[in-house]
Peer 1: 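Okay, handing you the structure first.
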Amino acid sequence: MVTEVLLVAVVWALPAVAFAVWLAVTGWWRLSDDEVGIVVKRFGRRRRDDDPKVSLYGAKGVQAAVLAPNSFEFLPKFLYDVHRVPVTHVPSGTIGVVVAKVGRPRPPGRAIAKHVECDHFQDAAAFLRAGGEQGRQQEVLVSGSYRINTRAFTVITVDRPEEMARERLTEADLTDVDVEVGEAGVVITRLGGKPDPSEVGPVVEGHEGFQLPWVFQERGGRLGVQRETLDGGGRYPLNPWFAHVVKVPTRVLILEWNREPKPGDNLDVSLEQIVLDVQGYTVRLDMKQTVQIPPEVAPELVLRFGTRGPDAQTPVQQFVQKELAPIVKSYFRRKAATYRIQEFITKYSEVSNDLADAVRQAMKPIGVRAIRTTLEEFECDQQDINDLRRDIANQEKRAELESAELAALTKREAARDQIELQRMKVREAEAELALVEIRALVKLLGPAQVATERIVRELAKAPVPQVIGGSGDMAQQLLGVMPIAQARDMLMTLLDQNPPRPRAVEE
């Protein structure tokens, strides 16, 4: 009877033991270093009205919290399911932009969701608790790896062309903005307060080079072109939904007017050889203009000309075509109307100087620095005019060389005069020093009369004129009859023979 009872108990216990073993074996979830676990709850209470489709409060369905990479968790399989998804990787030198699938609806008129802190979208629960909004997010993910709940967020990277196309993004939009040395990055924001169409936006502190759009907006940043620029030599991970950058060269630029074909991206692509009609003669000439755009002027150029003009011209190309080229053209039109051909031949250097001044004055209000204007030798349809100009140009070069040589000679002569003057000053200073030294030695010998007697006795032994008297400056008299070295040696000998005594003993 006992045996039968035990047998029945074992039979009834076996399923329970088997279930416990199955639960112990299948309830553990191990995730690798490159996986995130999205937890789906099979059973649970009904979802609350404020509980989104990714649950915060343990309702049935997808949960906000995820299982971290390289973790080992126990979740009973009959209660939970875990979907393994890859860790989100953002390639080096690029950014990831985020679209939230969950959260509150954005208010009307807000193009991009408000920012909430949620550990770079790795804490979906914090995002939802803080009132995160659906849609495009302000924060970007920089290069690295992130444990993202892909049921809550979509991360768009350069590795996801379908997602890029859906959001109308390009690979360039998701690449760090690289501003080279010799450039200024002019920023145009798509978010902010109402702009003044005639002014660039004021400087706003604390947004870390426009990398924190929410700070820019909170502190009064305005839509449009910004006065603050991105420094050359840096890389900036900027949200393309918040801002884009126009690069303006701030290095020295050489713009050329000539008939050589130029690539479409050249800043001087619109400049052609200058052709003039001077008293019926057709004159052709090449020109070079060196300019520099200071960084603080770059935003004004972008505000004035926009980011892209006709034929996709850059602001600097538009500046060259619409500002600089008309200045040069207008100048030559005036000169061609007033000059006779013989004046043009003989005063060509003056033309170059006048043009340089005209360009410099015209650029001054804009803020662009006109550094150097160079006119190449012109060509005329009549060869005799070219021959005359060539002779004059050669003579001008010879005159310049002679002037340079004269200037060098004058400079060397002035240097020699200056050297001789300085030598005289050195000799005077040395003589004054010798006088001071001899006076000091004479003073050490004692009262004037005693000193004189000792010096005269010493002079009697030396083959020098003896004209030392008892009146006047004894040091000057002594230096008048012998060199300083000999006078110093003689006085030092006297001092060795008659060392000075303290004044009290002498008295």
Side-chain angles (χ1 to χ4, degrees), residues 36-41 44-67 83 85-90 94-142 144-170 173-174 189-193 207 210-218 221 223 237-244:
V36 171
I38 296 178
V39 179
V40 180
K41 196 171 183 181
R45 58 177 179 267
R46 292 184 59 186
R47 195 177 300 279
R48 293 165 30 176
D49 292 339
D50 62 343
D51 199 12
K53 57 184 179 181
V54 172
S55 180
L56 271 175
Y57 305 112
K60 178 183 176 181
V62 178
Q63 304 300 298
V66 298
L67 303 183
H83 299 284
V85 297
V87 167
T88 299
H89 292 287
V90 180
T94 69
I95 61 170
V97 293
V98 180
V99 177
K101 303 176 184 177
V102 297
R104 299 175 182 175
R106 290 199 313 272
R110 184 181 291 172
I112 193 167
K114 74 174 184 179
H115 172 72
V116 298
E117 294 293 339
C118 55
D119 190 20
H120 310 296
F121 305 102
Q122 296 178 110
D123 190 343
F127 176 84
L128 294 169
R129 280 195 297 269
E133 297 173 347
Q134 299 175 30
R136 296 173 173 178
Q137 302 297 306
Q138 298 187 47
E139 183 179 359
V140 301
L141 301 181
V142 298
S145 300
Y146 302 86
R147 52 183 189 279
I148 303 293
N149 187 333
T150 55
R151 298 292 185 90
F153 304 106
T154 297
V155 180
I156 305 172
T157 67
V158 292
D159 295 333
R160 298 180 179 179
E162 301 85 3
E163 298 289 349
M164 288 169 55
R166 186 177 298 116
E167 291 292 336
R168 297 181 180 179
L169 295 170
T170 66
D173 293 328
L174 300 181
T189 59
R190 298 186 170 101
L191 300 176
H207 52 70
F210 301 95
Q211 296 176 64
L212 307 178
W214 54 95
V215 175
F216 174 83
Q217 295 172 80
E218 290 167 0
L223 246 154
L238 300 186
N239 190 328
W241 295 324
F242 165 63
H244 70 284

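Keep in mind that this is a model prediction, so the values were computed, not measured.
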Peer 1: In a check of side-chain contact (heavy atoms from CB on, under 4.5 Å) between E167 and each of V97, L174, I156, which one passes?
Peer 2: I156
Peer 1: Give me the atom names and distance for the closest heavy-atom approach of Q138 to K114.
Peer 2: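 Smallest heavy-atom distance, with atoms named: NE2-CA, 3.7 Å.
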Peer 1: I'd like to check T94 versus T157 (side-chain heavy atoms, cut-off strictly below 4.5 Å). Are they in contact?
Peer 2: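 Counting from C-beta outward, T94 and T157 never come under 4.5 Å.
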Peer 1: Are V142 and V90 side-chain neighbours, meaning at least one heavy-atom pair lies under 4.5 Å?
Peer 2: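 The answer is no; the side chains never approach within 4.5 Å.
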Peer 1: For the OG atom of S55 and the CZ atom of R151, what is their distance to the nearest 0.5 Å?
Peer 2: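 Result: 13.5 Å between the selected atoms.
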Peer 1: Could you please spell out the steps behind the side-chain contact (heavy atoms from CB on, under 4.5 Å) verdict for W241 and L169?
Peer 2: CA-CA 9 Å; W241 295 324; L169 295 170; 3.7 Å; yes
Peer 1: Over all heavy atoms of both residues, which pair between R166 and E163 is shortest? Give the atoms and the distance, please.
Peer 2: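 R166 and E163 have their closest heavy atoms at NH1-OE1, 2.5 Å.
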Peer 1: Indicate the atoms forming the closest heavy-atom contact of Q134 with G103, along with that distance.
Peer 2: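 What the structure gives for the nearest pair is NE2-O, 2.7 Å.
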Peer 1: Do L223 and L191 have side chains that get closer than 4.5 Å, going by heavy atoms?
Peer 2: no
Peer 1: Any side-chain heavy atom of L67 within less than 4.5 Å of one from V36?
Peer 2: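 Not in contact.
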Peer 1: What orientation do F242 and F216 show, parallel under 30°, tilted 30 to 60°, or perpendicular over 60°?
Peer 2: perpendicular
Peer 1: Minimum heavy-atom separation for V155 and G96, please, with both atom names.
Peer 2: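 Of all heavy-atom pairs spanning V155 and G96, the closest is CG1-CA, 4.3 Å.
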Peer 1: Of all the heavy-atom pairs spanning A64 and A125, show the shortest one and how long it is.
Peer 2: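 What the structure gives for the nearest pair is CB-N, 3.9 Å.
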Peer 1: Spell out, as yes or no, whether a donor-acceptor pair under 3.5 Å connects the side chain of Q122 to the backbone of C118.
Peer 2: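 Here the side-chain-to-backbone pair does not exist.
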Peer 1: Please lay out, stage by stage, how R110 and E133 fare under the test side-chain contact (heavy atoms from CB on, under 4.5 Å).
Peer 2: CA-CA 11 Å; R110 184 181 291 172; E133 297 173 347; 2.5 Å; yes
Peer 1: Kindly compute the distance separating NE2 (H89) from CG (D159), expressed to the nearest 0.5 Å.
Peer 2: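 With rounding to 0.5 Å, NE2 (H89) is 10.0 Å from CG (D159).
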Peer 1: Report yes if the side chains of V99 and Q137 come closer than 4.5 Å at any heavy-atom pair, otherwise no.
Peer 2: no
Peer 1: Flag the pair K53 / V62 as yes when at least one side-chain heavy-atom distance between them is below 4.5 Å, and no otherwise.
Peer 2: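 A side-chain contact is absent here, since even the closest heavy-atom pair is not under 4.5 Å.
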Peer 1: Decide, yes or no, whether a salt bridge links R147 with D119 under the criterion of side-chain N to carboxylate O below 4.0 Å.
Peer 2: yes
Peer 1: Can you tell me if R190 uses its side chain to pair, donor with acceptor, with the backbone of A111 under 3.5 Å?
Peer 2: no
Peer 1: Could you tell me whether the side chain of N149 and the main chain of Q63 form a donor-acceptor pair under 3.5 Å?
Peer 2: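 Side chain of N149 to backbone of Q63: a pair is present.
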Peer 1: Rounded to the nearest 0.5 Å, how far does NE2 of H244 lie from OG1 of T189?
Peer 2: 9.5 Å
Peer 1: Go through the steps to decide whether H83 and V40 satisfy the test side-chain contact (heavy atoms from CB on, under 4.5 Å), and finish with yes or no.
Peer 2: CA-CA 8 Å; H83 299 284; V40 180; 3.3 Å; yes
Peer 1: Can you name the closest pair of heavy atoms from F121 and I148 and give their distance?
Peer 2: O-CD1, 3.4 Å
Peer 1: Is there side-chain contact between L141 and P237, with at least one heavy-atom pair below 4.5 Å?
Peer 2: no
Peer 1: In the structure I gave you, are the side-chain heavy atoms of V87 and Y146 within less than 4.5 Å of one another anywhere?
Peer 2: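 With C-beta onward as the side chain, the pair stays apart.
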Peer 1: Under a 3.5 Å cutoff, is there a donor and acceptor pairing between the side chains of H120 and E139?
Peer 2: yes
